[in-house]
Amino acid sequence: MFSGIVRSALSKYPSSWLGPAVVRAMSSSGGPPSPYTALAVSHPAESVTHVELHRPEKRNAMNRAFWSEMVDCFNEIAADPDCRVVLVSGAGKIFTAGIDLMDMAGDVLQPEGDDMARRSWNMKKIITKYQETFSVIEKCPKPVVVAIHGACVGGGVDLITACDIRLCTQDAWFQVKEVDIGLAADVGTLQRLPKVIGSRSLVNELALTARKMFADEAKSSGLVSRVFADKEAMMAGALQMAGEIAGRSPVAVQGTKINLIYSRDHSVAEGLDYMANWNMSMLQTEDVMKSAQASMEKKSPKTISFSKL
């Protein structure tokens with residue numbers, strides 16, 4: 001599959017950002033590298049990091065290793081000056097089946113403690129730890145593009161709503177599954193999905209009925225911004241988009257993400273004040289003059305050599 005993605009991408013998009021690195025990174029079949037067991041991390045293009053959910057034999061179900069590895073992985077990415085944009089996808093037939101109940105049952109159903117208070121205290125610690133698995137995506141200053149194919153169930157919805165740009169295939173479907181297994185979603189869906197989808201009624205319907213949402217409805221409701229015919233086309237399109245983002249000033253791109261998230265959670269007045277405080281320092285960058293010069297010369301920003309951030 002990935003060799004097909006590479007061939008398609010190379011045939012459709014400029015070699016300026018899709019070159020030999022793509023072939024090396026995406027045509028390898030050796031599985032996830034150390035230190036991760038549930039993730040595979042590669043670098044398919046300059047300044048682009050690809051994080052792949054990599055338990056295809058388990059439908060990318062989220063086991064104990066996944067919950068900690070995502071935090072370690074995105075903390076590393078956040079501090080990596082060579083990375084300017086992140087692409088997230090899933091290996092195998094689907095994006096993810098959600099939480100691995102068999103692997104996680106001990107943590108969720110049997111918290112430690114001598115009495116109800118202590119068990120509850122420890123349960124809260126477990127839940128907040130799991131919440132960080134997806135909050136770390138939102139906290140990462142690098143934009144995160146997620147490419148979804150097939151099923152995206154339960155924890156998968158928590159994951160994708162923490163990402164900045166969501167793409168999917170025509171066969172993709174989404175399900176807030178938690179009420180079907182006797183709990184309320186507790187690691188991000190109920191907090192972020194209402195910010196993503198404009199209709200509160202639709203969010204309530206999805207969360208309370210656990211019905212499936214298919215690609216066309218996901219597009220019309222705003223959950224995803226683009227729908228592709230298949231995974232190969234989606235991955236090529238996602239890589240092109242990542243390349244476009246990576247070609248811009250990292251000062252501008254990361255500042256934009258941070259301020260978009262701040263403005264989502266604050267009033268317009270608060271957002272404007274935060275923006276003024278942000279840009280009083282960030283405007284003092286050579287990137288502005290470089291970008292303006294390129295614009296006057298009718299050149300793409302991708303022709304500019306921006307310093308690492």
Side-chain angles (χ1 to χ4, degrees), residues 74-75 77-79 83-88 128 131-148 152 157-168 174 176 184-208 213 217-227 238 241-242 244-292 294-295 301 304 306 309:
F74 273 87
N75 281 336
I77 287 170
C83 174
R84 295 183 184 178
V85 61
V86 186
L87 172 59
V88 176
T128 54
Q131 288 174 344
E132 183 64 13
T133 296
F134 303 130
S135 293
V136 74
I137 299 173
E138 192 170 82
K139 293 174 184 176
C140 177
K142 318 310 172 58
V144 180
V145 180
V146 62
I148 306 131
C152 177
V157 180
D158 296 292
L159 190 162
I160 67 169
T161 52
C163 298
D164 302 296
I165 299 172
R166 289 167 292 277
L167 315 174
C168 77
F174 307 83
V176 184
D186 58 4
V187 290
T189 288
L190 301 185
Q191 293 69 41
R192 294 189 177 97
L193 190 59
K195 306 283 189 177
V196 172
I197 294 178
S199 170
R200 190 80 188 199
S201 177
L202 177 57
V203 171
N204 293 345
E205 178 189 342
L206 294 171
L208 293 170
M213 171 189 274
E217 187 180 7
K219 173 69 162 57
S220 65
S221 69
L223 179 59
V224 302
S225 54
R226 292 184 65 185
V227 178
M241 184 179 292
E244 291 292 335
I245 295 170
R248 269 61 182 180
S249 159
V251 173
V253 167
Q254 294 181 43
T256 296
K257 171 172 178 172
I258 290 167
N259 278 275
L260 281 170
I261 292 174
Y262 185 91
S263 293
R264 181 198 66 188
D265 299 330
H266 296 79
S267 70
V268 172
E270 290 169 327
L272 287 169
D273 184 61
Y274 190 83
M275 187 75 250
N277 288 326
W278 183 271
N279 261 2
M280 72 182 184
S281 57
M282 292 299 107
L283 281 177
Q284 300 182 63
T285 171
E286 293 181 356
D287 292 11
V288 173
M289 294 303 298
K290 289 180 178 179
S291 299
S295 179
I304 305 170
F306 293 111
L309 182 62

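All values below were derived from every heavy atom in this structure, side-chain atoms included, with hydrogens, water molecules and symmetry-related copies excluded.
V253 is listed as a side-chain neighbour of P143, based on a closest heavy-atom distance under 4.5 Å. Between V88 and F74, the closest side-chain pair of non-hydrogen atoms falls below 4.5 Å. The closest side-chain heavy-atom distance from I148 to I160 is below 4.5 Å. By the 4.5 Å heavy-atom criterion applied to side chains, L159 and I137 are counted as neighbours. Counting heavy atoms from C-beta outward, L167 and V224 have side chains that stay 4.5 Å or more apart. Here the side chains of S221 and M213 are in contact, with some heavy-atom distance below 4.5 Å. Considering only heavy atoms from C-beta on, E132 stays 4.5 Å or farther from T128 through its side chain.
Checked by atom type and distance alone, the side chain of T161 pairs as donor or acceptor with a backbone atom of D158 at under 3.5 Å. Side chain of D164 to backbone of V144: a donor-acceptor contact under 3.5 angstrom is found. Remark: side-chain polar atoms of K139 are not paired, donor with acceptor, to backbone N or O of N75 under 3.5 angstrom. Panel note: side chain Q284, backbone M280; a donor-acceptor pair is recorded below 3.5 Å. In this structure a side-chain-to-backbone donor-acceptor pair under 3.5 Å is present from K142 to I77. When atom types are taken as modelled, the side chain of N259 and the backbone of G255 share a donor-acceptor pair closer than 3.5 angstrom. T285 places no side-chain N or O within 3.5 Å of a backbone atom of M282 that could act as its donor or acceptor partner. Counting only distance, with no hydrogens or angles, the side chain of S291 and the backbone of V288 share no donor-acceptor pair below 3.5 Å. Checking side-chain atoms of Q131 against main-chain N and O of D186 turns up a donor-acceptor pair under 3.5 Å.
The number of heavy atoms from other shown groups lying within 6.0 Å of NZ (K219) does not exceed 12. Other residues, nucleotides and ligands contribute over 12 non-hydrogen atoms within 6.0 Å of the CD atom of E205.
Between the side chains of S135 and E138, no donor-acceptor pair of N or O atoms lies under 3.5 Å.
In terms of heavy atoms, S263 sits closest to G271 at OG-CA, 4.0 Å. Heavy atoms only, all atoms of each residue included: E217 and S220 are closest at O-OG, 3.1 Å. Residues K257 and P141 come closest through the heavy atom pair CD-O, 3.6 Å. Here the closest heavy-atom approach between residue P250 and residue L309 is recorded as O-CD2, 3.6 Å. In plain terms, the two heavy atoms of A207 and V176 that are nearest each other are CA-CG1, 4.0 Å. The two atoms that bring R248 and F306 nearest to each other are C-CE1, 3.7 Å, heavy atoms only.
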Identify every side-chain donor-acceptor pair in residues 194-204 under 3.5 Å, counting partners at least two apart or on other chains, and give the distances.
| unit_1 | atom_1 | unit_2 | atom_2 | d |
| --- | --- | --- | --- | --- |
| S199 | OG | S201 | N | 3.4 |
| S199 | OG | L202 | N | 3.0 |
| N204 | ND2 | R200 | O | 3.4 |

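Put simply, CH2 on W278 and CG on D273 are 14.0 Å apart, with the number rounded to the nearest 0.5 Å.
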